[in-house]
Undergrad: 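One structure, as structure tokens, below. Some questions next.
Start at 1 and go down the list; that is how both ligands and their atoms are numbered.
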Amino acid sequence: MHFSVLFFASVASMTTFALDNGLMRTPPMGWLAWERYRCDIDCKNDPKNCISEYLFIDMADRLFEDGWKELGYVYVNIDDCWASMERDKNGRLQPDPNRFPGGIHRLARYLHDRGLKLGIYGDMGTHTCGGYPGTTLDKIEIDAQTFADWEVDMFKFDGCYSNALEQELGYPQMSKALNATGRPIAYSCSWPAYQGGLPPKVNYTQLGQICNLWRNYGDIQDSWSSVLSIADWFFNNQDILAPAAGPGRWNDPDMLVIGDFGLSMDQSRSQMALWAIMAAPLFMSNDLRTISSGARSILQNKMIISINQDPLGIQGRRILKEKNGIEVFWRPLLNNASALVFFSRRTDMPYRYQTSLKKLNFTTGSYKFTDVYTGQTDVLKDSTEFVVSVNPTGVVMWYVSAPGKLQYHPYFKGNKLHRPAYVAEENAFPRVFL
Ligand code: GLA
């Protein structure tokens, strides 16, 4: 399809539906405990890595002090295994008293004082996936109110230990209940992941109306095979998934595992590039206290973040799958700019891939491109043949500005990333349930 047609089709679909709570007009960014810290509750022997308030305070300090917050990484999200095994005498969820002695409200205050936001986890069902108390249909209102009382900013609603009917009732009911608290709480739904991620079982129109983001697929693990299988599933199903995404409503391919143990530097660059093309939420699950400078520079790459955070919020697509193992991805951006990713599935040696912008469907004209990882920049005519050298399991990623304009994305002027005002002030939007 011609790019301008694709562009207008996407913009048209964008206006049709969205959870109108004013939140997450661009994909959320932050840190999430699960992949790296799982259900480690052994604070006696592993105090620095167990699920406790100290872990979240440590990560909040790092986000605040090490330049993450300014780039948009503002959420600090608790996942499973935070709760006490018993509800309190009023039927409310409560945190494990030994691991969260200050309580969740105080943790939220600590984060808010630093301009950060707190996310928490619950489960539509009798138990969480880790066996902690779940939220059955009769508990939805009280749990939503508890999170609002604690001044929580985001809620992930998992789906273990419930059936399809309970989920069909529970996920919309929780959306209404969160809305009814009057507190803006972004809502992450795992519902589609429990129903295979595809229509007819999954209704993406409805999800866009009730959730800000949703997990479509299985859990990420700290390995390249896991990252690749997730990326493949999302791009194989892009015709269904891409139209579902837009400001306020995002597909979630799961956490970034950059900075952990399983990915090489090239594979880390690939995850970051593909997640940016997908307009994916950027939740890191790693140890910000000890992260390497290489991983940090990938995660803090301003040009990629600005591509991920593009205000149009159009999810990009795979546009070519070559027999030689090279795949090309493209995402349209504000001001007729776009992002291109050349990805290699090969496992032999850097591959010299020859093409032209014309072959990639760009219209006639001159384009300025910047390699987002090397900073190399040049001007290309659509018809000019060029070669990119793509490492095994690696990427080359370009920011391409519109023909004739040759201007950079409005997000970065000089060295500073300029986020649109509504990103900083999203809580000022009234929360209106459709
Ligand atoms: C499920 C979810 C994960 C994580 C765990 C917690 O597997 O998909 O993201 O929340 O439960 O037990």
Undergrad: For atom 8 (O) of ligand 1, which protein heavy atom lies nearest, and how many Å away is it?
TA: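 Here the nearest protein heavy atom works out to D219 OD1, 2.6 Å.
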
Undergrad: May I ask which of E35, H127, K156 has a heavy atom nearer to atom 9 (O) of ligand 1 than the others do?
TA: K156

Undergrad: With a cut-off of 4.0 Å, which atoms of ligand 1 are near a heavy atom of G130?
TA: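 Here the atoms of ligand 1 in question are 12 (O).
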
Undergrad: Between W233 and Y217, how do the two ring planes meet: parallel, tilted or perpendicular, split at 30° and 60°?
TA: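 Because their plane-to-plane angle is under 30°, the rings of W233 and Y217 count as parallel.
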
Undergrad: Give me the residue, atom name and distance of the protein heavy atom closest to atom 10 (O) of ligand 1.
TA: D79 OD2, 2.5 Å

Undergrad: What are the atoms of ligand 1, with element, lying closer than 4.0 Å to any heavy atom of D80?
TA: 6 (C), 12 (O)

Undergrad: Test side-chain contact (heavy atoms from CB on, under 4.5 Å) on R318 and N236; report intermediate values, then the result.
TA: CA-CA 8 Å; R318 181 172 59 206; N236 288 341; 2.8 Å; yes

Undergrad: Compute the minimum heavy-atom distance from S190 to ligand 1 and say whether it is under 4.0 Å.
TA: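 No, S190 has no heavy atom closer than 4.0 Å to ligand 1.
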
Undergrad: Any salt bridge linking D143 with K139? Criterion: basic side-chain nitrogen under 4.0 Å from a carboxylate oxygen.
TA: no

Undergrad: Whether R106 engages the ring of Y110 as a cation-pi pair (distance to the six-membered ring centre under 6.0 angstrom, angle to the ring normal within 45°) should be assessed.
TA: no

Undergrad: Residues two or more places apart in sequence or in another chain: which of them pass salt bridge (charged side-chain N to carboxylate O under 4.0 Å, His left out) with D138?
TA: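 D138 satisfies salt bridge (charged side-chain N to carboxylate O under 4.0 Å, His left out) with no residue once adjacent residues are dropped.
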
Undergrad: Go through ligand 1 atom by atom and flag the ones less than 4.0 Å from a non-hydrogen atom of R215.
TA: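 Counting from 1, the qualifying ligand atoms are 8 (O), 9 (O).
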
Undergrad: With a 4.0 Å heavy-atom cut-off (strictly under), which part of D158 contacts ligand 1: side chain, backbone, both or neither?
TA: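 Looking at D158 and ligand 1, just side chain atoms fall under 4.0 Å.
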
Undergrad: Checking side-chain contact (heavy atoms from CB on, under 4.5 Å) between L299 and each of M284, Q271, M29, which is the one that passes?
TA: M284

Undergrad: Does M349 CE have over 12 foreign heavy atoms under 6.0 Å away?
TA: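 No, because the 6.0 Å sphere around CE of M349 holds 12 heavy atoms or fewer from other groups.
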
Undergrad: Please say whether W34 places an N or O atom under 3.5 Å from an N or O atom belonging to ligand 1.
TA: no

